[in-house]
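See structure below.
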Amino acid sequence: MAEDTAPAVPVYDAENIFAKILDRKVPCFKVFENRTTLAILDAYPVVEGHTLVMPKLKGYPDLLSMPPAKAALFLQDVQRVARAVKEATGADAVNILNNSGEASGQEVPHPHFHIVPRKKDDNLALKYPPSAKEMLTAEKAAPVKAKVEEALFPKKPLRKAKFGKVSDVRPDSVGMNLKLKVVADVKEVEGKIGKFYEVLCGDPSGTVVVSFRDHQKEFAKKDNIVALRNAATKMVNGHVRLAVDKWGKVEECDEPMDEEVE
């Protein structure tokens, strides 16, 4: 996935033939081995030099279910073995084939690649079916593109916001996030810097007067639930007021209060 997260692992058959080869219960013609990978000649080759490359890691039935970091190390060896097979057989090219899942034709439930040497005009029937006669249109591509992008970069669920309590408000509080219920009617106030609006708001721990500017007053309706982001206190005539300046945000909150507000 987008963040190197392996999908849920399908059931692994520990008695599959490759697991037995890895456990040395079944003989093979080994051509390469290191801590990560084993490569062997296919017991029933389609051409001379047909090689199987498999990870030594067991428990994962196909490439897609492997942990990404382990798969990356294994794929380095797939490339290394493929180069060696091509050179050793004098092939013009190689097919590097992998099936992941029964519907794709995978018969042995352990990740593996077939390295098949190819010669020009060898007439091996290892070909894809014919392509579509018409080029893919933007209209048909769009939904498929969107689904693949969503699988690669899934949207993370939003974290539940953490809010402070009114009871924690102090005369010098700054950077507070509060979820409050508007419990009274808004009052218009004329101040030194112009008109603003005050209304009593609260949460289960207590109440406090909140000052709203003109562009914020739409949220100051009785019984509304509002979220204050980066709120700060100010003293007005010896009383604490909460306000949100241009560095903060006031928004209506869809989530109800966890408890009744007195």
Show the nearest heavy-atom pair for residues [X] and [Y], with the distance to one decimal.
X      : Y      : value
Lys179 : Asp258 : NZ-OD1, 4.4 Å
Val182 : Phe219 : CG2-O, 4.0 Å
Gln106 : Gly101 : OE1-N, 2.7 Å
Leu38  : Ile21  : CD2-CG2, 3.9 Å
Asn230 : Gly248 : CB-CA, 3.8 Å
Cys28  : Ile40  : SG-CG2, 3.6 Å

Measure the shortest side-chain to side-chain distance between [X] and [Y] over non-hydrogen atoms and say whether it is less than 4.5 angstrom.
X      : Y      : answer
Phe113 : Thr51  : no
Asp223 : Lys181 : yes
Val116 : Leu126 : yes
Val261 : Cys201 : no
Leu180 : Ile225 : no
Val53  : Phe74  : yes
Met235 : Val240 : yes
Pro204 : Met257 : yes

When rounded to the nearest 0.5 angstrom, what distance separates [atom1] in [X] from [atom2] in [Y]?
X      : Y      : atom1 : atom2 : answer
Asn98  : Asp62  : CG    : CG    : 8.0 Å
Arg35  : Asp77  : CZ    : CG    : 12.0 Å
Lys70  : Thr36  : NZ    : OG1   : 7.0 Å
Lys234 : Ser211 : NZ    : OG    : 4.5 Å
Phe163 : Asp203 : CZ    : CG    : 11.0 Å
Lys120 : Asp92  : NZ    : CG    : 8.5 Å

Can any side-chain N or O of [X] pair as donor or acceptor with the backbone N or O of [Y] at less than 3.5 Å?
X      : Y      : result
Asp122 : Leu124 : yes
Ser104 : Ser100 : yes
Asn95  : Leu97  : no
Ser173 : Val169 : no
Gln216 : Arg213 : yes
Glu259 : Ser205 : no

Open item on the list: Name the residue from Lys217, Lys187, Arg241 that meets the salt bridge (charged side-chain N to carboxylate O under 4.0 Å, His left out) definition with Glu198.
Closed with: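 Result: among Lys217, Lys187, Arg241, Arg241 is the only option passing the salt bridge (charged side-chain N to carboxylate O under 4.0 Å, His left out) with Glu198.
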
Look at [X] together with [Y] and state whether they make a salt bridge at an N to O cut-off of under 4.0 Å.
X      : Y      : value
Asp23  : Lys58  : yes
Glu150 : Lys155 : no
Glu87  : Arg80  : no

Open item on the list: Looking at Phe32, I'd like to know if the NZ or CZ of Lys56 sits under 6.0 Å from its six-membered ring centre while staying within 45 degrees of the ring's axis.
Closed with: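 No, Lys56 does not sit over the ring of Phe32.
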
- [ ] Check Leu52, Val85, Asp42 against Ile115 for a side chain to side chain contact (heavy atoms under 4.5 Å, CB included) and give me the one that passes.
- [x]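 Filter result, single survivor: Val85.
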
- [ ] Taking the six-membered ring for Trp and the full ring for Phe, Tyr or His, determine whether the centres of His110 and His112 are under 6.0 Å apart.
- [x]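 No; His112 has its ring centre 6.0 Å or more from that of His110.
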
Open item on the list: If you count every heavy atom of other residues, nucleotides or ligands that lies below 6.0 Å from Asp172 atom CG, does the total exceed 12?
Closed with: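 More than 12 within 6.0 Å, yes.
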
Open item on the list: Tell me whether the count of non-hydrogen atoms from other residues, nucleotides or ligands lying under 6.0 Å of CD in Glu33 goes above 12.
Closed with: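 Yes, enclosed.
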
